[in-house]
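Structure first, then comments.
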Amino acid sequence: MPRSHALDRYRNIGIMAHIDAGKTTTTERILFYTGKSYRMGEVNDGTAVMDWMEQEQERGITITSAATTCFWRDHRINIIDTPGHVDFTIEVERSLRVLDGAVAIFDAVAGVEPQTETVWRQADKYGVPRMAFVNKMDRVGADFDGCVAMMADRLGVKPLVVQLPIGSEAGFSGVVDLVAMRATIWKAETLGAEFQHTEIPEDLAAPAASARQALLDAVLDLDEAAVAAYLERGEEPAPDVLRALIRKGTIAGALVPVLCGSAFRNKGIQPMLDAVVDYLPAPNDIGAVTGHAVGGDRAEERAANDSAPFSGLAFKVMNDPYVGTLTFCRIYSGTVSVGDSLLNPVKGEREKIGRMLLMHANSREEIERAHTGDIVAFAGLEHTSTGDTLCDTAKPIVLERLDVPEPVIEIVVEPRTDADHDKMAAALNRLGHEDPSLQVTVDRESGQTVIRGMGELHLDIIVDRMRREFRVDAAVGAPKVAYRETVLRSAEVDHVHARQTGDRAQFARVTLKLEALDRGAGFVFENRAASLPREFVAGVQKGLEATKDSGVIAGYPVVDVKATLTGGEAHDVDSSPLAFELAARSAFHEAMTKAAPVLLEPLMRVEIITPDDYMGDVIGDLNSRRGQITGMDQRGNARIVTGLVPLAAMFGYVNSLRSMSQGRAQYSMQFDHYEPVPQAIADGVRAKVA
Ligand SMILES: Nc1nc2c(ncn2[C@@H]2O[C@H](COP(=O)(O)OP(=O)(O)OP(=O)(O)O)[C@@H](O)[C@H]2O)c(=O)[nH]1
């Protein structure tokens, strides 16, 4: 099967926004105008095509990213929906990882909101070229210029205004296109499918002329020939030339084209699709995909074309009631056909491609062959988790993985019956494949299962899915802070494990050194006991793996520590891997106790938007929660307070803030970093666990 569109006619894009800015509504409109959905979904009545999971419909928020394909101006646009809620950072990360460009949606009233800023920074990290759509121009208080100014101010970008709104609030009727210098007015009665191009309205002639000049000044800078023609002969570039320049600047990340509209009122969507085609990159604009060789650091590259060996990144794994496991893959190079085998170099396993599907939110098309640039779902893969690479079996490459955020909150889940016990283990295993930000551990002593995640909502949804999709009946504990343990000093111990049971003796001697590492380094093991047989070193490693999840203070996972096996001694007859495993466990405990262990707690970055009147109360309250105020700002007539507050002090905050401000203040919160817990609080945590 040949490809339907040349690679330069592909756009793999994401739509990113603060919660409620209108991402789902906009996506729905796109699907409608590109002819993919025949009935326009409305978020408010829970029929939106993209939000198809049960929970999403009930909660009215977008939880998982669905990929969908549509066509515009003979281009193939693959849209990956990204959630706006911070509890789902991993969802945002994984879609940003596989996008070539993104449309950021702003609420014209609220402007740049905290989560937009967060997502924006994540997109910066992945170098994703973006354009902006200022949505909700029909709302009372819509302020296009204010929103553009905030983009420059808060996001530090160079916004390039390519449209001006015609009218505002209830009078919003269309846009002035500053590239073609004409107006586009929508006919309200045809759900926005029809519009007409007209002259620029008289009252906008002057603002349009000055905005056009600003646009020319910004883009002509990017091209010497165009600037010379303009300066020497006064020739303004033709619209096509201007679009090519804007595209160049956008792909280079030098500027962000800004458009506007109202998705809900069906205005502004078609020009936005034009801008996706005109300004956002095709897969081959991004250049070769880079990765490294299996089991080493040697760099590997693949050209982005069909004749290169296959490489792709699995960015989402989900369970489908009809086809079983679906693994969404972005193809970076080469092609794949049904019947092929691919290598998962991360797991060292082969996967056979039995069925391949092209997704349109909740409907699907079976395909036989997929090409570079495609986003497809493979059915029935067994070994591949979110973030793994799939590649040609003869030409392995490992593509860069996703950054997985730290889980900060945990709950205990206890199955009610033996049957539930087995079902729960299977369910959590499956959910773990889907969601790398979910951690599951079973406490060796109590046998309790603890699940850790990004926030209360994240864990709520996991438990909900466990109950609904896997029919597990389990008692769920109250959410608790996911503390960690680490050490502040180095310590080295020499431990001998010698036991006599009946006529069998066990002997192992290890010297183990623990050292503190930087925050975020995790747990690192090094072997410097050169003379110790390999199987005994493996025993030591196994022992450390088993104990590192349960520190000496209160049994929390030990992080940011390096454990070095500095020496060891074995007995000809009495030593075994098991003896070394046991010796390592005891040595680890002993060394940790000596190395000034501390408890670490997650600190959250909190942003509160409050009317002036409640500012004093909000700050006083944050102080009483061990919070540190890091900034105060004015936005319109609201005050913005930012601070770092321990998560432990933030439970139930939503209610306190509501009563403190009579429901008028809002807040958002996300993980920032781990920090040692003050002694008095640590004693409290320890007492609770004991
Ligand atoms: N007035 C007005 N309301 C809009 C517009 N676009 C969306 N809305 C409304 O804003 C609310 C949020 O829209 P959604 O499309 O669900 O926003 P979202 O960003 O997808 O939200 P999440 O999925 O929760 O992240 C809904 O009630 C929409 O009807 C618009 O252009 N104008």
Side-chain angles (χ1 to χ4, degrees), residues 13-33 37 40-66 68 79-92 95-96 102-120 122 132-144 147 163 165-175 186 188 191-192 259-272 361 454-455 457-458 460-461 666 668 670:
I13 64 160
I15 297 185
M16 51 194 234
H18 184 92
I19 192 159
D20 266 2
K23 191 180 58 239
T24 304
T25 310
T26 306
T27 310
E28 284 304 310
R29 288 341 185 229
I30 292 176
L31 296 182
F32 183 72
Y33 294 125
S37 59
M40 202 169 310
E42 268 330 323
V43 174
N44 299 341
D45 69 12
T47 59
V49 179
M50 291 293 274
D51 284 339
W52 58 278
M53 279 171 67
E54 256 179 291
Q55 295 96 322
E56 289 185 55
Q57 302 211 338
E58 278 172 18
R59 291 170 200 250
I61 53 170
T62 313
I63 298 167
T64 48
S65 14
T68 187
I79 303 173
I80 299 166
D81 190 24
T82 55
H85 197 284
V86 279
D87 269 9
F88 306 113
T89 322
I90 183 69
E91 299 281 339
V92 182
S95 45
L96 286 173
V103 180
I105 299 191
F106 296 84
D107 177 334
V109 180
V112 178
E113 295 170 272
Q115 283 158 26
T116 327
E117 235 178 304
T118 309
V119 182
W120 196 273
Q122 285 174 292
F133 181 71
V134 178
N135 188 33
K136 304 200 182 183
M137 280 306 301
D138 61 311
R139 268 187 71 190
V140 174
D143 179 3
F144 179 72
C147 194
Q163 287 181 346
I166 301 178
S168 195
E169 304 182 351
F172 176 68
S173 62
V175 298
W186 276 268
L191 280 181
L259 292 82
C260 63
S262 162
F264 187 64
R265 305 269 170 217
N266 308 301
K267 298 187 175 91
I269 304 298
Q270 298 93 339
M272 182 223 269
M454 308 281 308
L457 184 57
H458 181 210
D460 261 8
I461 285 169
Q666 293 172 20
S668 71
Q670 71 185 103

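Along the sequence shown, residues are numbered consecutively beginning with 1. Both ligands and their constituent atoms are indexed starting at 1 by order of listing. This is a predicted model, so every value here is computed, not measured.
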Decide side chain to side chain contact (heavy atoms under 4.5 Å, CB included) for M137 and S168; before the verdict, give the C-alpha distance in whole Å, the side-chain angles of both, and the deciding distance to 0.1 Å. CA-CA 6 Å; M137 280 306 301; S168 195; 3.8 Å; yes
Are H18 and D107 close enough, and set up right, to give a side chain to side chain contact (heavy atoms under 4.5 Å, CB included), and what steps lead you there? CA-CA 8 Å; H18 184 92; D107 177 334; over 6 Å; no
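The shortest N or O to N or O distance between M137 and ligand 1 is not under 3.5 Å. Close N/O approach between R265 and ligand 1 is not found [any backbone or side-chain N/O within under 3.5 Å]. Taking only nitrogen or oxygen atoms, main chain and side chain alike, G22 reaches within less than 3.5 Å of ligand 1. Remark: ligand 1 and A17 share no N or O pair separated by less than 3.5 Å (distance only, no angle test).
Under 4.0 angstrom from ligand 1, the non-hydrogen atoms of H18 all belong to its backbone.
The two atoms that bring I80 and S95 nearest to each other are CG2-CB, 3.3 Å, heavy atoms only. Minimum interatomic distance between F172 and G261 (heavy atoms only, all atoms of both residues): CZ-CA, 3.6 Å.
For ligand 1, the atoms lying closer than 4.0 Å to a non-hydrogen atom of K23 are 15 (O), 17 (O), 18 (P), 19 (O), 20 (O), 25 (O). The ligand atoms of ligand 1 that sit less than 4.0 angstrom from a heavy atom of S262 are 30 (C), 31 (O), 32 (N).
Between the R29 side chain and the A263 main chain, a donor and an acceptor come within less than 3.5 Å of each other. At least one donor-acceptor pair under 3.5 Å links the side chain of E169 to the backbone N or O of G141.
With atom 14 (P) of ligand 1 as the reference point, the heavy atom nearest to it among T25, D107, I105 is part of T25. Taking each of V140, D138, N135 in turn, the one with a heavy atom nearest to atom 2 (C) of ligand 1 proves to be D138.
Residue contacts with ligand 1 include R139, since one of its heavy atoms falls under 4.0 Å from the ligand.
For P271, the side-chain contact (heavy atoms from CB on, under 4.5 Å) criterion is met by Q163, W186, not counting sequence neighbours.
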